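Counting from 1, the numbers follow the sequence of the chain as shown. What's counted below: heavy atoms across the whole structure, side chains too, no hydrogens, waters or symmetry copies. On a predicted model such as this, the values are computed, not experimentally measured, just so you know.
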Amino acid sequence: MTSPAIAPSRARLLELIMELAVVRGKVVLSSGAEADYYIDLRRVTLQHEASVLVGDVMLELLDSAGIEFTNAGGLTMGADPVGTAVMHAATRAGRAVDAFVVRKAQKSYGMGRQVEGPDVAGRNVVVLEDTSTTGGSALTAVEGVRRAGGNVVAVAVIVDRDTGAKERIEAEAGIPYLFAFGKDELGLD
């Protein structure tokens, strides 16, 4: 349930997603599957107006679901601007939420970390994504955060493609999967 205060931000973000991110035509997704459209959310998460809205909408989504967390991030690169947007939205709301980045694999040099940023050990963590098809990227991030000692309390994405990511993540990771917009809201049924 969207609070009345966030409704205008959510409506404007939906407009920007439709305008900037939805590309129609045959494409091959990272999963290898073919689709008749592509949702390029980096065109939104890295855009000046939309990035602020992403933070506000995602923070409201998590708050309205009762998710308590101190860190937010996910697998680089799609999750990076989403985590930063949530961190800034939380800061504007007077809350301390740190962002983090999960590498696809642990570094073999330096400190040898897979999760970069403030330490997630012992913290309630939300794994974020811009969109998810199979859930694979989010699950990689969940595994990395758990190895780093973080307590993953949810996965949240901006757009759910309704291709099984929710079911897979909830079954394999045992945590809730939340999304701000479904593909039906984008007219992609």
Side-chain angles (χ1 to χ4, degrees), residues 1-2 6-62 64-65 67 72-86 89 99 101-105 126-144 152 154-189:
M1 174 98 186
T2 301
I6 200 73
S9 295
R10 189 178 189 289
R12 178 62 180 145
L13 180 56
L14 181 58
E15 287 175 7
L16 289 169
I17 291 170
M18 295 289 295
E19 177 185 326
L20 302 172
V22 177
V23 180
R24 297 192 186 271
K26 289 277 185 210
V27 293
V28 177
L29 305 173
S30 63
S31 64
E34 273 195 10
D36 294 328
Y37 60 90
Y38 184 69
I39 305 169
D40 186 355
L41 283 167
R42 283 179 210 88
R43 294 178 178 190
V44 170
T45 61
L46 296 170
Q47 196 260 1
H48 66 281
E49 178 188 3
S51 67
V52 173
L53 300 172
V54 164
D56 292 342
V57 168
M58 295 303 287
L59 186 61
E60 168 65 20
L61 172 72
L62 292 159
S64 66
I67 305 296
L75 194 67
T76 198
M77 161 164 83
D80 299 350
V82 184
T84 302
V86 169
V101 175
V102 180
R103 296 173 181 274
K104 292 182 182 179
V126 172
V127 167
L128 302 170
E129 278 288 338
D130 51 7
T131 188
S132 191
T133 304
T134 65
S137 294
L139 287 170
T140 298
V142 167
E143 292 167 16
V152 182
V155 167
V157 302
I158 301 170
V159 174
D160 178 59
R161 295 176 54 90
D162 194 23
T163 52
K166 175 180 175 47
E167 294 77 12
R168 180 177 178 202
I169 289 167
E170 289 182 345
E172 292 184 25
I175 53 176
Y177 173 98
L178 309 169
F179 57 92
F181 303 97
K183 76 173 189 173
D184 57 324
E185 292 176 89
L186 303 179
L188 298 173
D189 278 333

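- A donor-acceptor pair is defined here as one N or O able to donate and one able to accept, closer than 3.5 Å; such a pair exists between the side chain of Thr131 and the backbone of Val159.
- Considering only heavy atoms from C-beta on, Ile158 comes within 4.5 Å of Val54 through its side chain.
- With contacts defined as side-chain heavy-atom distances shorter than 4.5 Å, the pair Lys104/Leu75 qualifies.
- Atoms CD1 and CG, from Ile6 and Leu61 in turn, are 10.5 Å apart once rounded to the nearest 0.5 Å.
- With hydrogens and angles disregarded, no donor-acceptor distance shorter than 3.5 Å links the side chain of Glu172 to the backbone of Ile169.
- Using a 4.5 Å cut-off on side-chain heavy atoms (C-beta onward), Phe181 and Asp160 make no contact.
- Annotation for Ser51 and Ala85: closest pair O-CB, 3.4 Å, computed over non-hydrogen atoms.
- Interatomic distance, CG of Leu16 versus OG1 of Thr45, reported as 12.0 Å (0.5 Å rounding).
- Considering only residues two or more places apart in sequence or on other chains, Glu143 meets the salt bridge (charged side-chain N to carboxylate O under 4.0 Å, His left out) condition with none of them.
- Not counting sequence neighbours, Arg42 has no partner by the side chain to side chain donor-acceptor pair (under 3.5 Å) test.
- To the nearest 0.5 Å, atoms CG (Leu13) and CD (Glu49) are separated by 9.0 Å.
- Scanning all heavy atoms of the two residues, the minimum distance from Ser132 to Thr163 falls at O-OG1, 4.0 Å.
- The minimum heavy-atom distance between Met58 and Ala180, with the atom names listed, is SD-CB, 4.0 Å.
- Contact annotation: the side chain of Tyr38 never approaches that of Val22 to less than 4.5 Å [non-hydrogen atoms, C-beta and beyond].
- Taking Thr133 as the reference, Arg161 meet the side chain to side chain donor-acceptor pair (under 3.5 Å) condition, with sequence neighbours excluded.
- Atoms CG and CG, on Asp40 and Asp130 in that order, are 8.0 Å from each other to the nearest 0.5 Å.
- A distance of 8.0 Å separates OG1 of Thr76 from CZ of Arg103, quoted to the nearest 0.5 Å.
- Applying the salt bridge (charged side-chain N to carboxylate O under 4.0 Å, His left out) rule to Asp56 yields the partners Arg92; only residues at least two apart in sequence or on another chain are considered.
- Contact annotation: the side chain of Val82 never approaches that of Val157 to less than 4.5 Å [non-hydrogen atoms, C-beta and beyond].
- For Glu167, the salt bridge (charged side-chain N to carboxylate O under 4.0 Å, His left out) criterion is met by no residue, not counting sequence neighbours.
- Atom CG of Leu53 and atom CD1 of Ile17 lie 9.5 Å apart (nearest 0.5 Å).
- Annotation: salt bridge (charged side-chain N to carboxylate O under 4.0 Å, His left out) contacts involving residues 18-31, sequence neighbours excluded, comprise Lys26-Asp36.
- By the side-chain contact (heavy atoms from CB on, under 4.5 Å) test, Glu170 pairs with Lys166, Tyr177, sequence neighbours left out.
- Scored by the side-chain contact (heavy atoms from CB on, under 4.5 Å) test, Thr134 finds Ser31, Arg168 as partners (sequence neighbours excluded).
- The two residues Ala154 and Ile175 make their nearest non-hydrogen contact at C-CD1, 4.0 Å.
- For Ala72, the side-chain contact (heavy atoms from CB on, under 4.5 Å) criterion is met by Phe69, Val86, Val97, Leu128, not counting sequence neighbours.
- Looking at residues two or more places apart in sequence or on another chain, you find a side-chain contact (heavy atoms from CB on, under 4.5 Å) between Ala65 and Ile67, Leu178.
- Closest approach of Val142 to Ala173, counting heavy atoms only: CG1-CB, 4.2 Å.
- Between Glu60 and Arg10 no salt bridge is recorded (no basic side-chain N to carboxylate O distance below 4.0 Å).
- Closest of all the heavy-atom pairs between Ala156 and Leu62 is CB-CD2, 3.9 Å.
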